[in-house]
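Keep in mind that this is a model prediction, so the values were computed, not measured.
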Amino acid sequence: LWPWLLATSGLSALVQLVTLPFFPDSPSYLLIQKGNEEACRKAIRKLWGEGDHQAEIDDIMKEKVAMTSTKTLRVLELIKERSLRWQLYILMTVITTLQLCGINAIYFYSFEVFHTAKFEEYLVPYVSLGIGLCECLSSILCSTLIDRFGRKVLLWGGYALMCSVLALLTMTLSLQHQFFWMHFFSVILIFLFVIFYGIGP
């Protein structure tokens, strides 16, 4: 079953490969990068139908003017630029914490936890598939929550909940040989961690 499951990603790539040539180019790309206003209008008509789309073209022209007036910085210039330093620090912090948050360890050790929880051998791949499904669904949920609560709240909340779950998971894994039900609690915590990871970071 797993080879077929992996092949589904190739199927979606094949659909994109076949259908992409029939999609119009981006209007902003045609106008800003190529400088072809007629092709831009044609792409807009193909995307949004017939009508007066001058307002959208004016917006793209404003974007083009803004881009030409913005100086492109090299990496060293970006690091030395004082006005961008805080944004750079925040970006580096978010990326670093994302790499060190523990999601890779959870994925790596989840099989062992499932085996310890006495799941049947044939069920373990499906439970692991459930973890991936949880991450996918929580990411979709995040896209609806981000407009309501904002990125900062989701980041802080996600990391706080993930830290709490990791602390509980450490405790349950330490006590799993003393209480038989701790195995199942560990499995629940793994699912919760993945959900909080998808909603937060």
Is the number of heavy atoms from other residues, nucleotides or ligands within 6.0 Å of CZ (F191) greater than 12?
yes

Hey, are the side chains of H115 and E121 touching, using non-hydrogen atoms and a 4.5 Å cut-off?
yes

Check C142 against R151 and note the closest heavy-atom contact, atom names and distance.
SG-NH1, 4.3 Å

For I146 against L154, the heavy-atom pair lying closest together:
CA-CD1, 3.7 Å

Would you mind checking if K42 and E38 are paired as a salt bridge, meaning a charged N to carboxylate O distance below 4.0 Å?
no

Which value, rounded to the nearest 0.5 Å, describes the distance between H177 atom NE2 and H183 atom NE2?
7.0 Å

Shortest non-hydrogen contact from Q99 toward N104:
O-ND2, 4.4 Å

Find out if a path of hydrophobic residues (ILVMFWY) with successive side-chain heavy-atom gaps under 4.5 Å connects L30 to L47.
no

For Q87 versus S83, what's the shortest heavy-atom pair and its separation?
OE1-O, 3.3 Å

Is the OH atom of Y159 crowded by more than 12 outside heavy atoms at less than 6.0 Å?
yes

Distance-minimising heavy-atom pair for S186 and T172:
OG-OG1, 3.0 Å

Quick check: closest heavy atoms across I60 and S28, and the distance to 0.1 Å?
CG2-CA, 3.8 Å

Rounded to the nearest 0.5 Å, how far apart are CD of Q16 and CG of L14?
10.0 Å

Following the transitive rule for hydrophobic clusters with a side-chain heavy-atom cut-off under 4.5 Å over Ile, Leu, Val, Met, Phe, Trp and Tyr, establish whether F193 and L133 coincide in one cluster.
no

State plainly whether one hydrophobic cluster holds both L175 and L192, where clusters connect Ile, Leu, Val, Met, Phe, Trp and Tyr through side-chain heavy atoms under 4.5 angstrom apart.
yes

Do L137 and L161 belong to the same hydrophobic cluster, where Ile, Leu, Val, Met, Phe, Trp and Tyr are linked whenever their side-chain heavy atoms lie under 4.5 Å apart, directly or via other members?
no

Considering residues, nucleotides and ligands other than E112, do more than 12 of their heavy atoms fall under 6.0 Å from its CD?
no

Separation between SG (C40) and OH (Y29), nearest 0.5 Å, reads 12.5 Å

Member of L189, I131, L169 meeting the side chain to side chain contact (heavy atoms under 4.5 Å, CB included) criterion with I106:
L169

When you measure from the side chain of R45 to the backbone N and O of G51, does any donor-acceptor pair fall under 3.5 Å?
no

